[in-house]
Amino acid sequence: MKTKVMCSAEDFQERVEQFLDDILLGVDIETYDDVEVRFLWAPRKFRTGGLADLFVYRGQWYYWTNNKQGKDYKTLSDFELTGRLSYLEIFGDIKIYPVAFAGFYTGYIDDRGLKIYTGDVVKATMTTNVEIPSTGGRSRAKTFSGKVDDGFTTIVGVNSFADRQDDYYYILDNCPIAMKYTTKVRIIGNVFYDLDRDNPTVNIAERCATLAYPYGINVRELHLKMAHAPYYRAKS
């Protein structure tokens, strides 16, 4: 299992640039923090990558590869890369594809073994009455006796919260609860629904908040959208 690393889009870009710098200097990059990013590769397809696969340029996320994997790709000549991003030239004739950011891996998996990313929507049972919090992966919060109270179960979005670096969180209507208090969890969808084809970027925090405060919204319809995501909105 990859190491859980708290990260933001801004932090990720800084790590990418430092990663490129260290490659050029011959630094042992095997010791690097292993940040896993999910991105939207096609209208209904997610892929994942890390520091060696993705970068941000003028607010747009890009995936690059030495192998041609699609038709509509860009090359380095299409960019005006400066600073450490210009070090991408050392990889030769690379193909660059615009993608949409779709969350960071949280270090947790659900009860079926599926990785949980920020932007996922889960049905989770959680409690704060624990003595041994979850450490990620399949581990679950428990007491020294191995038992926990029933807690409560709800459908919530997953995201980072404010500037807290202790854990990722379930975003509730009145407060967030750290994922380390999970006793059961099952992914039921994600917030990447009704995407704009021209600008598929999603504000994960806002959509998690919409799920937490669904006032004036048909909740069943919202859950169905999340269950069928990712997808673009229908053409008008």
Side-chain angles (χ1 to χ4, degrees), residues 1-9 11-12 32-39 46-50 101-193 202 204-214 219-220 222-230:
M1 184 188 72
K2 292 194 173 184
T3 305
K4 177 176 64 178
V5 180
M6 294 298 299
C7 199
S8 66
D11 292 339
F12 177 79
Y32 243 85
D33 287 341
D34 203 353
V35 182
E36 184 175 331
V37 182
R38 181 175 63 182
F39 57 93
F46 286 136
R47 291 184 67 170
T48 59
F101 171 72
F104 290 111
Y105 174 48
T106 63
Y108 294 90
I109 56 180
D110 79 352
D111 293 340
R112 294 170 296 177
L114 301 176
K115 288 183 176 181
I116 302 173
Y117 294 83
T118 57
D120 277 339
V121 175
V122 302
K123 184 175 183 180
T125 301
M126 60 201 87
T127 178
T128 56
N129 183 27
V130 298
E131 296 161 312
I132 308 174
S134 170
T135 54
R138 290 180 182 273
S139 77
R140 294 290 182 257
K142 54 185 178 295
T143 63
F144 291 122
S145 66
K147 297 180 180 180
V148 294
D149 62 32
D150 292 335
F152 66 97
T153 301
T154 188
I155 293 176
V156 286
V158 174
N159 201 20
S160 55
F161 182 73
D163 59 353
R164 299 183 188 180
Q165 294 292 307
D166 60 322
D167 202 5
Y168 288 98
Y169 284 79
Y170 299 121
I171 308 302
L172 301 172
D173 60 347
N174 57 353
C175 67
I177 291 186
M179 293 181 72
K180 62 188 175 185
Y181 296 121
T182 299
T183 57
K184 295 179 182 178
V185 60
R186 185 181 181 92
I187 297 171
I188 63 170
N190 59 75
V191 301
F192 303 96
Y193 58 88
V202 167
I204 293 176
E206 285 186 1
R207 293 216 166 169
C208 286
T210 297
L211 180 60
Y213 300 89
V219 175
R220 184 176 183 278
L222 180 61
H223 287 176
L224 285 173
K225 286 183 176 183
M226 293 173 168
H228 289 90

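Heavy-atom basis, side chains included; hydrogens, waters and symmetry copies ignored.
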Among E36, M6, M179, side chain to side chain contact (heavy atoms under 4.5 Å, CB included) partner for T106: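 Single side chain to side chain contact (heavy atoms under 4.5 Å, CB included) partner of T106 among E36, M6, M179: M179.
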Option passing side chain to side chain contact (heavy atoms under 4.5 Å, CB included) with V122 (candidates L114, T154, V185):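 Testing each of L114, T154, V185 against V122, the sole residue satisfying side chain to side chain contact (heavy atoms under 4.5 Å, CB included) is V185.
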Quick one: side-chain contact (heavy atoms from CB on, under 4.5 Å) partners of [X], sequence neighbours excluded?
X	answer
R186	D110, R112
S139	S134, T135
K225	Y193, D194, E221, Y231
P176	F161, R164, Y169, I171

[X]: partners by salt bridge (charged side-chain N to carboxylate O under 4.0 Å, His left out), with sequence neighbours left out:
X	value
K180	D166
R38	D120
D111	R140

If you measure from [atom1] on [X] to [atom2] on [Y], what distance do you get to the nearest 0.5 Å?
X	Y	atom1	atom2	answer
I155	L222	CD1	CG	9.5 Å
Y117	I187	OH	CD1	9.0 Å
T182	R138	OG1	CZ	14.0 Å

State, with a plain yes or no, whether a side-chain heavy atom of [X] is found less than 4.5 Å away from one of [Y].
X	Y	value
Y105	T48	no
N190	F46	yes
V158	Y108	no
M226	I188	no
L211	V191	no

Hey, is the main chain of T125 close enough, under 3.5 Å, to the side chain of T183 for a donor-acceptor pair?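 Such a contact is found between T183 side chain and T125 backbone.
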Least distance between heavy atoms, V35 atom then C7 atom: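 Answer, listing the atom of V35 first, then C7: CG1-SG, 4.1 Å.
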State, to 0.1 Å, how close V156 and A124 come at their nearest heavy-atom pair, and which atoms those are.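 Answer, listing the atom of V156 first, then A124: CG2-CB, 4.5 Å.
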Sequence-distant partners of T118, side-chain hydrogen bond (donor to acceptor under 3.5 Å, both in side chains), two or more places apart: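 T118: no side-chain hydrogen bond (donor to acceptor under 3.5 Å, both in side chains) contacts found.
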side-chain hydrogen bond (donor to acceptor under 3.5 Å, both in side chains) with S8: which residues, sequence neighbours excluded?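 Applying side-chain hydrogen bond (donor to acceptor under 3.5 Å, both in side chains) to S8 gives E10, D11.
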Tell me, please, which residues at least two apart from F101 pass ring-ring contact (aromatic ring centres under 6.0 Å, His included).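 Expected list: W61, F104.
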